[in-house]
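Note sheet for the following structure.
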Amino acid sequence: MAVAQVIIDIPAQQTNRPFDYEIPEELSDIAVPGVRVLVPFGRSGHLRQGFIWRTQDKSEFAGRLKPIAQILDLDPVLNAEMLGLASWLAEDTFSFLISCLQTMLPSALRANYQRRFYLTAPLAENDPVNQLLDHEASGLIPDKIDSALLAHLKRLEQSQQLRIEYQIKQKTKIKQEKQYSGCLQMTEYQDLFNQARANAVQQRQLLQLLVAEPSFAGNVKTWQAQLPELKSSTLTQAVQKGWLKEALVEVYRQPEVESVTTTKQQLTDEQQAAYEAIIAAISDAQNQTFLLEGVTGSGKTEVYLDAIAYARQQGKTALMLVPEISLTPQMVERVQSRFPHEVAVLHSGLSIGERYDEWRRIERGEAQVVVGARSAAFAPLKNIGVLIMDEEHEGSYKQDDMPRYHARDVILKRAETYHCPVILGSATPSLESRARAQKGRYQLLKLTKRPNQIQMPTVNVVDMRQAEKVAGKSDFSLQLITEVKKRLERHEQSVLLLNRRGYANFIMCRDCGHVIKCPNCDISLTLHRDIQALKCHYCDHQEPIPATCPACHSSKIRDYGVGTQKIEQQLQELFPEARLLRMDVDTTSRKGGHQRIIRQFGRHEADILLGTQMIAKGLDFPEVTLVGVINADTSLSLPDFRASERTFQLLTQVSGRAGRAAKSGQVFIQTYNPDNYAIQLAAKQDYETFYQTEMRLRHQGGYPPYFYTVLISVNHAQEDQAVKKVYQIQRWLQPKLSPQAIVLGPTPRMITRVNNQYYYQLIIKYKNEPRLLIALQTLIMNMQGKNNRGFQLRIDREPLQFM
DNA sequence: AGCACGCCGACT
DNA sequence: GTCGGCGTGCTC
């Protein structure tokens, strides 16, 4: 009897091992590893989705095996490489196999479990179940249902007044579109036209078109291209009247863009040297990692594109990861125009269906070049020739829920499998990567110059302790404002950065000092003036802005801190004639909001772009000649050993936005710490000195890259419980560590309470602890069962956030 | 997550 | 004596 080991999708994920199932004879041909299956699970025998992990001849399991109910794929959705990658990922990130398998696939392939009830007897008029009805006698039972209502449903089921069915819906896969085509003779259309009422303008236009071309066909858009006034309802009516016939046609959701082919640009000497090193590794199938350290504007992208072109010439595929934020239309067009019809793009703006279509194009080999954000690291490419990660230092490459993977590690792993090179590119590499280049594990390639004699911007540090301020607007130095004014006069553009990391707008009472806090979390609420509400950035809590202080009823309650909205208002007062664009989480939260703003600014529809860190990347506009940093300091004072690194990166990146073309650029950095090394060196655009300085400090403090780190965090609704558990874990773990390992804590997390859960943590710094990783695997298993209800454990290897 | 098994309290 | 509370543990 053939047996399949199946990894099952159990919501609570209390198990991390496969379950054996019998493969029915008729399914034996297609029951191969990597296919999705439906299997009965548990006493209820309800179907759940799973993945075949392995197949074998017999089972070790003593009991009776249930058979696989259904196989969902004719071809496996995960090949051998992907299954191996999942297994490595699960171990590396201390996560469950099932969650790794799920994150590697587009969510369209994930099962959608739902419960429906069907009435078998009429309900009482006031029965609460009435609210759930969405059809005549049936309704959906929501996932989040209050337990009383669920219990009520179960009672009704027991008394046979209704029955509950469990269903697994596959999310829509194939998009279909209505196609309308003429189905009558020209003379018939002519007759209809003659009969049509004189005021039926739309119908007459439509018939006129059909008289001219009786077999015209196409979707709504095609028809509207001919008749711009045409409404889709007119087409529907025409179908009803028998003038047209309609049919459903399968379409890809992202039709391929018609693009012009652009060719290779002339490379500078430095670019050429980097290119040659990379292509040698591609043609020799060497698993070599390159760190491409190039100053802003030095043309790293051109090197990437040429490397991809070389891989394509060799008949190989290529993957390029970029941070979500720089996945702009300009960027995508640049790749698409270089490799027409070969590119698949994966980013968060895609709908589930669009994402699946792109995934399918890659999987079928129809797209050989993939550009995407973090999760694109799992793109189902085969025969990869080169893997690229742009802005390699970016924190967004690490996922911050399970599995907590870093896309850099994923592509390094894939490169091992494909024996191909990896290019990590950045103007400000992470210290981890730069240190590896120092040790020779990565090969360092440098681009120190901008092509075409374009100058690096000149950077001025403005000492805000002594600078003359604009009257009444203490956030602006006179110097910066004068520069902005000059740009407005010359019709050039300015970019202003508000460094808001770790800084928020909060509400405080001037009389008693009371700060309005979130009822669920230990954090003050942030003011959002556009929606007239106070919001908590850690849970979903939201409340109206109070008119008086809730503690002392004084009316002198006002907001503190610097927010983009406030700065925007002040700028508008200073320059009433200037066209301003604001870019922050509030203005970009809607789909495409980010790209809309960038496009607008690119068309020079605004003079000043004001924004948070998101403006530091991805924009490349020739008219920008001024970059101003309003407050460089805020990110320096955070209790995180990476504070300097992040500040340096942010300032360097944003400075690089100035003077990308013929016009030279200037940068003004306002700060209260003008002597700080991160600020000084960012002003000089001197990465190498920053690297040396920061490495010394990391060495003294015993931080990465000199030590590895693991963060272990426990949370519970009761604070004493969380404390007890974290100490218990420490006592258990300590004896398993060598004396060289350093344990920090246990300590409460900086924001101890979030969503009414108390968080306590332990940080372990180590160099070589073979027993630690095994111990942590054990810990995660132990925490699942028995007396650990109500606790959540989180293990984060090489965490980027320590707070 | 479901569902059953199992060991304690208030009832026909 | 029994019915049922939901704590505990298993699901191929």
Side-chain angles (χ1 to χ4, degrees), chain A residues 1-25 27-28 31-72 83 87 90 95-99 101-102 110-118 132 140-160 162-169 401-402 716-718 721 725 778 780-793:
Chain A
M1 180 181 62
V3 170
Q5 294 191 347
V6 180
I7 306 287
I8 306 174
D9 171 24
I10 308 167
Q13 290 182 10
Q14 298 194 35
T15 170
N16 198 26
R17 65 172 200 281
F19 290 88
D20 289 359
Y21 282 86
E22 181 194 322
I23 301 172
E25 192 62 41
L27 299 178
S28 59
V32 294
V35 297
R36 292 173 307 144
V37 293
L38 296 183
V39 291
F41 187 74
R43 284 175 246 267
S44 64
H46 292 146
L47 294 182
R48 300 222 69 105
Q49 190 177 85
F51 295 85
I52 295 187
W53 186 244
R54 293 164 65 182
T55 54
Q56 48 203 173
D57 293 338
K58 57 176 194 290
S59 173
E60 306 276 283
F61 185 63
R64 205 191 148 90
L65 297 189
K66 291 180 183 175
I68 290 173
Q70 200 183 327
I71 293 192
L72 298 171
L83 293 174
S87 159
S95 345
F96 293 111
L97 257 179
I98 187 69
S99 61
L101 295 169
Q102 308 267 38
R110 206 172 300 169
N112 184 13
Y113 298 94
Q114 57 181 35
R115 290 176 294 179
R116 284 193 80 80
F117 63 88
Y118 296 85
L132 296 175
L140 192 67
I141 304 174
D143 282 342
K144 263 197 80 186
I145 184 171
D146 72 72
S147 47
L149 189 53
L150 186 64
H152 181 60
L153 277 163
K154 292 272 176 191
R155 266 198 303 282
L156 290 175
E157 186 190 24
Q158 240 159 33
S159 60
Q160 312 219 313
L162 55 80
R163 61 170 206 282
I164 295 175
E165 278 185 17
Y166 291 73
Q167 301 173 338
I168 301 176
K169 269 232 176 87
D401 46 45
M402 292 258 263
H716 193 274
Q718 270 130 41
Q721 291 288 309
K725 186 58 74 184
T778 316
I780 214 143
M781 296 315 292
N782 290 348
M783 281 297 284
Q784 286 303 314
K786 29 181 192 197
N787 44 23
N788 285 318
R789 265 157 209 274
F791 288 102
Q792 271 177 287
L793 172 75

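In this text, all values refer to a predicted model and were calculated from it rather than measured experimentally. Each chain gets a letter, A, B and so on, in the order the sequences are listed, and its residues count up from 1. What's counted below: heavy atoms across the whole structure, side chains too, no hydrogens, waters or symmetry copies.
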Would you say [X]'s side chain and [Y]'s backbone share a donor-acceptor pair under 3.5 angstrom?
{"X": "A/Lys66", "Y": "A/Gly42", "value": "yes"}
{"X": "A/Asn16", "Y": "A/Met781", "value": "no"}
{"X": "A/Tyr166", "Y": "A/Gly45", "value": "no"}

Rounded to the nearest Å, what distance is computed from the [atom1] atom of residue [X] to the [atom2] atom of nucleotide [N]?
{"X": "A/Arg43", "N": "C/dC12", "atom1": "CZ", "atom2": "C1'", "result": "13 Å"}
{"X": "A/Asp20", "N": "C/dT11", "atom1": "CG", "atom2": "P", "result": "12 Å"}
{"X": "A/Asn16", "N": "C/dT11", "atom1": "CG", "atom2": "C1'", "result": "15 Å"}
{"X": "A/His46", "N": "B/dA4", "atom1": "NE2", "atom2": "P", "result": "10 Å"}
{"X": "A/Ile8", "N": "C/dC12", "atom1": "CD1", "atom2": "P", "result": "7 Å"}
{"X": "A/Lys66", "N": "C/dT11", "atom1": "NZ", "atom2": "P", "result": "10 Å"}
{"X": "A/Asp9", "N": "C/dT11", "atom1": "CG", "atom2": "C1'", "result": "14 Å"}
{"X": "A/Tyr113", "N": "B/dG2", "atom1": "OH", "atom2": "P", "result": "11 Å"}

Inset, instruction - Take A/Phe61 and A/Phe19 through the ring-ring contact (aromatic ring centres under 6.0 Å, His included) test and state the conclusion after the steps. - result: CA-CA 9 Å; A/Phe61 185 63; A/Phe19 290 88; 8.4 Å; no
Inset, instruction - Report yes or no: is the ring centroid of A/Phe61 under 5.5 Å from the six-membered base ring centroid of C/dC12, with the two planes under 30 degrees? - result: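 It does: the ring sits over the base of C/dC12.
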Inset, instruction - Counting heavy atoms from C-beta on, name the nucleotide in C/dC12, B/dC3, B/dA1 closest to the side chain of A/Ile10. - result: B/dA1
Inset, instruction - Assign A/Phe41 to base, sugar-phosphate, or nothing according to its heavy-atom contacts below 4.0 angstrom with the strands shown. - result: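 Base contact.
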Inset, instruction - Would you tell me if any nitrogen or oxygen in the side chain of A/Arg115 comes within less than 4.0 Å of OP1 or OP2 on B/dG2? - result: yes
